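Below is one structure, written out as structure tokens; the observations come after it.
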Protein chains: 2
Amino acid sequence: MNYTEAKDKFIQTWGSLGTLWGINKAMAQIHALLLISPEPLSMEDVMEELHISRGNTSMNLRQLIDWGIVYKTSKAGERKEYFASEKDVHELTKQIARERSRREIQPTLKILKEVSSIDEDGSAKTKELIKQTKALHELAETADSIMNRLVNQESNWITKTFMKLIK
Amino acid sequence: MNYTEAKDKFIQTWGSLGTLWGINKAMAQIHALLLISPEPLSMEDVMEELHISRGNTSMNLRQLIDWGIVYKTSKAGERKEYFASEKDVHELTKQIARERSRREIQPTLKILKEVSSIDEDGSAKTKELIKQTKALHELAETADSIMNRLVNQESNWITKTFMKLIK
DNA sequence: TTAAACTTTCAAAAATTATTGAAAGTTTAT
DNA sequence: ATAAACTTTCAATAATTTTTGAAAGTTTAA
């Protein structure tokens, strides 16, 4: 496998993996491309490399920036903007954890709280609803704590800590 | 909020959350419904409760069974099959971790290995590709170890262990 | 063996999501 | 102030994914 094959395979794989996790293909592929690019890329560069339109590129770059994992940079004397990915995979993990917590876990916790707080009326179905949503609430809270922990630690904490647990 | 409102809200929320994580809405909703149902439900029950077609119900129940989080049961003297969810949220977590590891992490690891093993040719782009895919490989391996750990421990390990980390 | 009760399959339709591209918007240099 | 260089927006279109429903398949009882 040569460089080009490897690069394409990586971008392709990252794209499908993204899809599997609810991230659109273009967004995942742009991210993959920036992650392995030694230099920041312009919008033109991204469009050419991935064969996607200007509009698509613009929107997905924006989303990546919103997620806090891609940055805008500019080259001295150039008008265009250049884009670079966060390169440290631990930083990346932290940032994604932070965002998923904020966007998904927090709102879910709120709803699980509401649902599990309905009045107990003695019926089996109400009991079960309360019991299960409480259990999920507890689980989600634990997951959230872990994520917040990750977010507030230095990069290598993740690996170090888990390695201790694993061996 | 009464029982019916709470139930609908929970099913609705679980459905959207599923969508966000690449799980189709019907599948997530069927799972939610079974999770809070004190009794196993027939296909008819599920169809009526969620207003989805027979075909859709059948296919998604099958997928849930493939994921190992829903079981078929039968009632004595009855022809129909009944379906029940795994109720223990820790078991559920373990089973989902097991499947995601098998279906997603393992294949990704394999490709990251291949890609990161291309010949170093001294160019900056090859260097970066190798460096970043190696880093991702290491990260994915760590994630996989954690998941395997989860899978092989008793239900409460998750909470207990993480609680120690968190406080 | 037949038929009723039930489940699965799958091609077609519907719904959703992603993508395009051109017009509108913005920024910067002169 | 103008225009070139560049980016963003968004309505239209395309692609993908989900859902339907009826036919085919299966199982069980008699």
Side-chain angles (χ1 to χ4, degrees), chain A residues 11-34 39-67 70-84 103-104, chain B residues 11-34 39-67 70-84 103-104:
Chain A
I11 290 172
Q12 197 47 53
T13 302
W14 219 235
S16 339
L17 203 62
T19 301
L20 222 49
W21 286 76
I23 289 149
N24 98 38
K25 201 178 73 173
M27 183 168 157
Q29 289 187 337
I30 294 173
H31 180 242
L33 176 62
L34 294 178
E39 300 294 333
L41 300 180
S42 69
M43 204 141 95
E44 212 73 39
D45 294 336
V46 174
M47 288 168 60
E48 277 175 25
E49 192 82 47
L50 303 176
H51 308 286
I52 59 182
S53 71
R54 190 173 296 286
N56 200 6
T57 307
S58 170
M59 284 174 127
N60 284 109
L61 277 170
R62 172 133 67 105
Q63 278 219 73
L64 287 164
I65 291 169
D66 285 348
W67 271 82
V70 163
Y71 316 117
K72 276 189 188 175
T73 63
S74 25
K75 284 191 186 170
E78 283 218 43
R79 193 81 157 268
K80 289 192 256 245
E81 291 174 314
Y82 286 80
F83 300 89
R103 299 176 187 213
E104 294 157 18
Chain B
I11 290 172
Q12 197 46 54
T13 302
W14 219 235
S16 337
L17 203 62
T19 301
L20 223 49
W21 286 76
I23 288 150
N24 98 38
K25 201 177 72 174
M27 183 169 159
Q29 289 188 336
I30 294 172
H31 180 243
L33 176 63
L34 294 177
E39 300 293 334
L41 300 180
S42 69
M43 205 141 95
E44 212 73 37
D45 295 334
V46 173
M47 286 167 60
E48 277 174 24
E49 192 81 47
L50 303 177
H51 308 285
I52 59 182
S53 72
R54 191 173 296 287
N56 199 5
T57 307
S58 170
M59 285 175 128
N60 283 110
L61 277 170
R62 171 132 68 101
Q63 277 219 75
L64 287 165
I65 292 168
D66 286 349
W67 271 81
V70 162
Y71 316 116
K72 276 190 190 174
T73 63
S74 23
K75 283 191 186 171
E78 285 218 43
R79 193 80 157 269
K80 293 192 253 245
E81 291 174 312
Y82 285 80
F83 300 89
R103 299 176 187 212
E104 294 157 18

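Only a predicted model underlies this, so the values are computations on that prediction, with no experimental measurement involved. Chain identifiers are assigned alphabetically (A, B, ...) following the order of the sequence lines, protein sequences preceding nucleic acid strands; residue numbering begins at 1 within each chain.
At a threshold of 4.0 angstrom between heavy atoms, the contacts of A/Glu44 with the nucleic acid are absent.
Computed from coordinates, the B/Leu61 CG to D/dT20 P distance equals 13 Å when rounded to whole Å. Taking atom CG of B/Leu20 as the reference point, atom C1' of C/dT16 lies 15 Å away to the nearest angstrom. Atom pair B/Glu78:CD and D/dT27:P shows a separation of 19 Å (rounding to whole Å applied). For the pair B/Leu64 CG and C/dT7 P, the computed distance is 16 Å after rounding to whole Å. If you take CD of A/Gln63 and P of C/dA18, they are 9 Å apart, rounded to a whole angstrom. Here the P atom of nucleotide C/dA18 and the CG atom of A/Leu50 are 16 Å apart, to the nearest Å. Between the C1' atom of D/dG25 and the CD atom of B/Glu81 lies a distance of 14 Å, rounded to the nearest Å. Counting to the nearest Å, the C1' atom of D/dA30 and the CZ atom of B/Arg79 are 11 Å from each other.
Remark: side-chain polar atoms of A/Asp45 are paired, donor with acceptor, to backbone N or O of A/Ser42 under 3.5 angstrom.
With B/Trp67 as the aromatic partner, B/Arg62 does not meet the cation-pi criteria of under 6.0 angstrom to the ring centre and within 45 degrees of the ring axis. For the pair B/Lys72 and B/Tyr82, the cation-pi criterion (under 6.0 Å, within 45° of the ring axis) is not fulfilled.
With a 4.5 Å cut-off on side-chain heavy atoms, B/Leu64 and B/Met27 count as touching.
Here C/dT8 is the nucleotide among C/dT8, C/dC6, D/dT7 with the atom lying nearest to any side-chain atom of B/Lys72. Of the listed nucleotides (C/dT7, C/dG21, D/dT8), C/dG21 has the atom at the smallest distance from the side chain of A/Ser53. The A/Lys80 side chain lies nearest to D/dC6 when the options are C/dT8, D/dC6, D/dT8.
How far CD1 of B/Ile30 is from OG1 of B/Thr57: 5.0 Å, rounded to the nearest 0.5 Å.
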statement: Letter by letter from the 5' end, nucleotides 10-18 of chain D scores (B base, S sugar-phosphate only, - none; protein heavy atoms under 4.0 Å) B-------S
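In the interface, the side chain of A/Arg54 is not paired with the base of D/dT7 through any donor and acceptor atom under 3.5 Å apart.
Side-chain N/O atoms of A/Asn56 and A/Ser53 include no donor and acceptor closer than 3.5 Å.
Both A/Ser58 and B/Asn60 lie near DNA chain D, and the one whose nearest nucleotide falls closer to the 5' end is A/Ser58.
The existence of a salt bridge linking B/Glu44 and B/Arg54 is confirmed by a sub-4.0 Å separation between a basic side-chain nitrogen and an acidic carboxylate oxygen.
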